[in-house]
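The first residue of the sequence shown is numbered 1, and numbering continues consecutively from there.
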Amino acid sequence: MSSVQQSNCPTITAPENGEIAGICSSAVTGDRCTFFCIGEYQVVGVSDLTCLDTGIWSGEIPTCELQQSYCPTLSAPENGEIAGNCSSSVTGDKCTFSCIGDYQLVGTSELICLDTGRWSSEIPACGSLVKTTCPDLSPPPNGLTNGSCSAAITGDTCMFSCETSFQLKGTKVVTCLEGGAWTDEIPVCEYKGNGCPPLSPPNQGEFAGACLSAVAGQRCSFSCVGDNQLLGPSTLICLESGNWSAAPPTCELTGTSCEGLKPPANGQMYGYCSSGYPGDTCMFSCGAGFQVRGQKMLTCLESGVWSGDVPVCYKVSVQCPSLPAPANGKVLPCDTNVGSRCKITCSQGYTIFIGSSIRTCLSNGAWSGIETMCVTETSFLQWVPRAFG
């Protein structure tokens with residue numbers, strides 16, 4: 001009776017970051033060698049080899065590779081830029097965001113690719129261009145203004161001058177600084193003729209006497225009309241120095257006023273919101289991503305109180321519906337959160353005919369742009385000459 005001839009297979013060593021078990025050296029026909037990987041490494045290839053009667057193993061020795069999760073490709077936000085590993089990203093890769101010019105970043109500036117295949121945070125946005133404005137300036141009494149004296153931004157200038165018979169005392173030009181303040185105080189216009197400068201009646205008021213061409217010792221008297229009440233002296237006297245004995249008085253409505261209101265957190269207010277009088281209204285709104293809870297408009301009552309409490313702005317979770325892929329095209333991986341940007345591509349041989357290649361989820365829960373349509377490149381090239389003559 002003849003015995004089966006056995007062949008010896010070459011010795012196998014463990015792959016890098018791996019281990020072996022079984023009969024891996026001095027192996028003969030039928031012996032098996034098994035492979036394992038350490039930690040997060042995984043076997044790439046056959047994990048079990050058998051020694052064949054030809055004296056070779058049944059397959060190639062496998063390797064141990066680190067398992068990596070890929071995160072979806074990121075795009076720069078509108079008015080923004082990205083840097084780092086933002087596409088074909090694996091666990092641990094970072095993508096950094098920044099904004100162009102004076103636009104401000106809203107959100108996290110750095111995202112990290114997690115081992116779950118997701119980024120560590122949502123894509124940030126670049127907020128509206130921020131401009132610092134200075135308070136509006138009014139001309140001094142008996143004076144004039146010229147230039148950017150209202151809604152002025154950094155670098156704008158406002159110029160002052162005086163009417164005939166008056167002389168400017170102070171700075172002729174002021175500049176709006178970056179911090180929202182003017183470089184100097186408003187100048188005054190001093191009378192340079194004989195006697196005291198002419199006066200004007202207060203708003204909702206009247207005057208009588210030597211109010212327009214007074215000399216030393218002469219007087220000008222003031223009164224108010226309707227329900228308005230005189231605040232200040234009722235009579236001014238022209239002094240030998242050429243100045244009046246006090247500032248010209250004002251006329252204010254009588255009655256109880258409501259205390260000034262403050263805007264809610266993450267909100268704004270408009271109208272007569274500070275020291276309102278009966279009948280005045282104050283309106284409220286909230287910023288993007290927030291909604292008014294309470295009354296949007298309050299009225300100052302005769303009793304001197306507002307008709308309700310200042311509303312609050314509470315955060316609302318807004319998401320856009322899933323963006324369908326166009327016929328003969330696809331939507332690259334993206335989410336439906338506000339600010340997300342989804343890229344749309346056409347299949348090979350097709351091109352975008354109408355619509356947008358990138359659509360952004362807006363704060364109202366709708367996608368920006370219009371629906372994308374993919375047509376064959378031949379159809380598109382035939383359409384262009386007809387459309388543009």
Discussion item. In the structure I gave you, are the side-chain heavy atoms of L74 and L111 within less than 4.5 Å of one another anywhere?
Written reply: yes
Practice prompt. Indicate yes or no: at least one non-hydrogen side-chain atom of C37 is less than 4.5 angstrom from one of Q42.
Written response: no
Worksheet item: Does atom CD of Q268 have more than 12 heavy-atom neighbours from other groups under 6.0 Å away?
Response: yes
Item to complete: Look at the side chain of W306 and the backbone N and O of C273, then say whether any donor-acceptor pair between them is shorter than 3.5 Å.
Response: no
Discussion item. Does C346 form a side chain to side chain contact (heavy atoms under 4.5 Å, CB included) with T351? I'd like the steps, not just the answer.
Written reply: CA-CA 6 Å; C346 293; T351 188; 5.6 Å; no
Fill in: Student check: side-chain heavy atoms of T171 and P187 closer than 4.5 Å
no
Practice prompt. Mind checking the CD1-OG1 spacing from I61 to T13? Nearest 0.5 Å is all I need.
Written response: 6.0 Å
Practice prompt. Please report the C-alpha distance between L212 and F207 in whole Å, then the side-chain angles of each, then the deciding distance to 0.1 Å, and finally whether the side chain to side chain contact (heavy atoms under 4.5 Å, CB included) criterion is met.
Written response: CA-CA 10 Å; L212 300 177; F207 62 11; 4.2 Å; yes
Discussion item. Test of understanding: clusters of I, L, V, M, F, W, Y form through side-chain heavy atoms closer than 4.5 Å, transitively. Do I82 and L105 belong to the same one?
Written reply: yes
Discussion item. More than 12 heavy atoms of other residues, nucleotides or ligands under 6.0 Å from CD of E110: yes or no?
Written reply: yes
Worksheet, complete the sentence: Heavy atoms of C313 and A265 approach each other most closely as CB-O, 3.4 Å
Item to complete: Step by step, work out the side chain to side chain contact (heavy atoms under 4.5 Å, CB included) result for L323 and I344.
Response: CA-CA 10 Å; L323 191 60; I344 302 170; 4.1 Å; yes
Fill in: Exercise: identify the closest heavy-atom pair between A246 and P233
CB-CG, 3.9 Å
Discussion item. Could you report the tightest heavy-atom contact between Q291 and C286, atom names first, then the distance?
Written reply: C-SG, 3.7 Å
Worksheet entry | Where W367 and P321 come nearest, the two heavy atoms and their spacing | NE1-O, 2.8 Å
Practice prompt. Indicate, with yes or no, if V46 and I20 share a hydrophobic cluster defined by side-chain heavy-atom contacts under 4.5 Å among Ile, Leu, Val, Met, Phe, Trp and Tyr.
Written response: yes
Item to complete: Verify the neighbour count for atom CD of E163: are there more than 12 heavy atoms of other residues, nucleotides or ligands below 6.0 Å?
Response: yes
Worksheet item: When clusters are formed by joining ILVMFWY residues with side-chain heavy atoms under 4.5 Å apart, either directly or through shared neighbours, do V90 and W119 land in the same one?
Response: no
Worksheet entry | Under 3.5 Å donor-acceptor, D136 side chain and A151 backbone | yes
Discussion item. Within the supplied structure, the quantity of interest is the number of heavy atoms (other residues, nucleotides, ligands) at a distance under 6.0 Å from Q218 CD; does it exceed 12?
Written reply: yes
Item to complete: Supply the atom-to-atom distance R341 CZ to T360 OG1, rounded to the nearest 0.5 angstrom.
Response: 5.0 Å
Practice prompt. Quick one: closest heavy-atom pair of D156 and A152, and the distance?
Written response: OD2-CA, 3.6 Å
Practice prompt. Can you measure from CG (L168) to CE (M159) and round to the nearest 0.5 angstrom?
Written response: 12.5 Å
Fill in: Approximate separation, where rounding is to 0.5 Å, of S340 OG and Q319 CD
8.5 Å
Worksheet item: So C51 and C33, disulfide bond (SG atoms under 2.5 Å apart) or not? Walk me through it.
Response: CA-CA 8 Å; C51 181; C33 182; over 6 Å; no
Fill in: Common cluster, I186/W182, ILVMFWY with side-chain heavy-atom separation under 4.5 Å
yes
Worksheet item: Is there a donor-acceptor pair closer than 3.5 Å between any side-chain N or O of T372 and the backbone N or O of G355?
Response: no
Worksheet item: Which distance, rounded to the nearest 0.5 Å, do you find between the CG of N203 and the SG of C224?
Response: 9.5 Å
Practice prompt. Output, in order, the C-alpha distance, side-chain angles, deciding distance and verdict of side chain to side chain contact (heavy atoms under 4.5 Å, CB included) for Y272 and C300.
Written response: CA-CA 9 Å; Y272 298 95; C300 180; over 6 Å; no
Worksheet item: Hey, mind stepping through C158 and C176 against disulfide bond (SG atoms under 2.5 Å apart) and telling me if it holds?
Response: CA-CA 8 Å; C158 180; C176 180; over 6 Å; no
Discussion item. For C220 and C238: C-alpha separation, side-chain torsions, deciding distance, then whether disulfide bond (SG atoms under 2.5 Å apart) applies.
Written reply: CA-CA 8 Å; C220 179; C238 181; over 6 Å; no
Practice prompt. Decide yes or no for F35 and C64: does some side-chain heavy atom of the first lie under 4.5 Å from some side-chain heavy atom of the second?
Written response: no
Worksheet entry | Residue pair S245 / L236, side-chain heavy-atom distance below 4.5 Å | yes
Worksheet item: With a 4.5 Å heavy-atom cut-off, do P10 and W57 have their side chains touching?
Response: yes
Worksheet item: From T250 OG1 over to L230 CG, what is the distance, rounded to the nearest 0.5 angstrom?
Response: 7.0 Å
Worksheet item: When you take the SG atom of each Cys, C95 and C113, is the space between them under 2.5 Å?
Response: no
Fill in: Heavy-atom pair of closest approach, residues K262 and V310
O-CG1, 3.7 Å
Fill in: Exam field: side chain R359 to backbone S368, donor-acceptor pair closer than 3.5 Å
yes
Worksheet item: Are there more than 12 heavy atoms of other residues, nucleotides or ligands under 6.0 Å from atom CE of M373?
Response: no
Worksheet item: Is there side-chain contact between L137 and T145, with heavy atoms separated by less than 4.5 Å?
Response: no
